[in-house]
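All values derive from a computational prediction rather than experimental measurement. All chains are named by letter (A, B, ...) in the order of the sequence lines, taking the proteins before the strands, and each is independently numbered beginning at 1.
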Amino acid sequence: MGLDYTIFIDYGPKILEGFRLTLIIVICAIFLGLPMGVLLAIGRMSSKLYFRGPSVVVLEVIRNTPFMIQIFLLYYVLPFYGVRLPAMLVGILALALFSSVYYAEIIRAGIAAVPRGQSESARAIGMSHSQSLRNVVFPQMWSIVLPPIANQTLSSVKESSILATITVSEMTMSALAVQGITFRPFEVFIMITLLYWLLNESIAFGVRHLEKYLQTRRGHRATTERTAVEVESSLEAARRMTR
Amino acid sequence: MNAGHATISIRGIEKSFGEITALRGVDLDVGRGEVVCVIGPSGCGKSTLLRVINWLQPPDAGRVYIDGEQVGETVDANGKVRSRPEREINAVRARVGMLFQDFNVWSNMSALENVVRPQVVVLQRTRVEAEAIALTLLERVGLADQVNQWPDSLSGGQLQRVAIARALAMDPIVMLLDEPTSSLDPELVGEVLAVLQELATGGMTMIVVTHELGFAKNVANRIIFMDEGRIVEDGPPEQILRAPKTERLKQFLDMLVHV
């Protein structure tokens, strides 16, 4: 069976329309998920139970249940309680929440990887906990957590295809639709494979440059790279255990 | 010149970490402008004592007073001891300078920014004002030509001097020094001790945990010998170093001299 090139031309625009939605979903999910991840990480490390408790519950529940079940719950079960949200919005929120718990674990490990003396001297000079995080810990943490954050973001891009199951017309959904019309799965899935690949390669490319920029701006430090690798490998191990 | 002007009173401090007891009832008074060196074997609780004074490690029991005001806790009208709000604890820490063995100069900012940032963040000084103060102090510790360097390109001695400038910028009323020269290469110890000596002569109240007996002898008004969480001997340098009263101090000094 040879390739039918007319499908690329006839249905390419429809797939690209889906690609556009995927892009919007992913971007929104990252920009919502990262701050949520920071909050969850801080909550998780808080000594106050009313911060730590809810954070731990969210982290454990989201991390230990399948993404597909989470979106089913949000999309099919919430309407019974009067909360009826458009599929697109549910998709963005679910993906942001899903990503945020992994971001939170990465950020927690990143905070722990900043030498204790750095925050101790900040507290000793009179900074509050949040001032020491903002002025000393976070700036040192970003270059450490960037590679694992990027990894998780690539994962989130791929997970976004599951939103097809709740009728969000993102790229996978549009591919399924085109496939239903044309009965040509090969051409269709080749197209979206290339587009997912292109999207993730672009993210990885951007992050590599951001990483270089962060390193030159703060002066190159050999220890930063080693710590980054350590953090990433321990996170990988943790993920293997929980998935 | 920052004239040191504080008295410190420590009463009945006890502190344990799980099974390990670090401090077993420590009482200590340090007068205005006094320089007190604390010596003792590792694990005797001397570093913990410093961290209790600025409440970095709240003690299990006991009280700390700086200029008569209780640190970390307060007694309410009913005689009940309450923790002070974090804001008040931070305000005390801002006036208590602390130096660490590992310098702990922030690696995400230049030497200058290390001295400027806490003034802006904690004391709400304007950047212009903070920079002027920082530059003066960096010059005073001999780093006028290094102000734009990042910590990873400074030597240990330079880092500790940045830390000194950073602490001085907060106009401390007392300085706590936790083995300030222990992780320095021998040839760099001198430059740091010289700055500290100048501070001491300037009248700064200081509590210095140190293994530098020479520094202790030259600069301290008093030396305190601690062992197993207690103050074992307390006296002027000549007496402590030349005529130790207890067998334990004798052994400790012998060990330092012979190593």
Residue [X] excluded, over 12 heavy atoms near [atom1] under 6.0 Å:
X	atom1	result
A:F138	CZ	yes
A:E60	CD	yes
B:F17	CZ	yes

(message) Testing the 3.5 Å rule here: is there a donor-acceptor pair between the side chains of A:Q140 and B:S107?
(response) yes
(request) Select one option (side chain, backbone, both, neither) describing which atoms of B:D102 are under 4.5 Å from chain A's heavy atoms. (result) neither
(request) Measure from the side-chain N and O atoms of B:N104 to the backbone N and O of A:S121, and report whether any donor-acceptor pair falls under 3.5 Å. (result) no
Return the option, out of [options], with the maximum number of heavy-atom pairs under 4.5 Å with chain A.
options	value
B:I89, B:L123, B:V105	B:V105
B:R93, B:M170, B:E86	B:R93
B:M109, B:R87, B:R117	B:R117

As an exercise, state the distance from [atom1] of [X] to [atom2] of [Y], rounded to the nearest 0.5 Å.
X	Y	atom1	atom2	result
A:I125	B:R95	CD1	CZ	12.5 Å
A:E120	B:R51	CD	CZ	4.0 Å
B:N114	A:N135	CG	CG	11.0 Å
A:M141	B:N108	CE	CG	11.5 Å

(request) For B:L56 and A:A124, work out which heavy atoms get closest and say how close. (result) CD1-CB, 4.0 Å
(message) At a heavy-atom distance under 4.5 Å, which candidate from A:G126, A:S119, A:A122, A:G117 has the highest pair count against chain B?
(response) A:G126
(request) Counting only heavy atoms closer than 4.5 Å, note whether A:Q118 contacts chain B via side chain, backbone, both or neither. (result) both
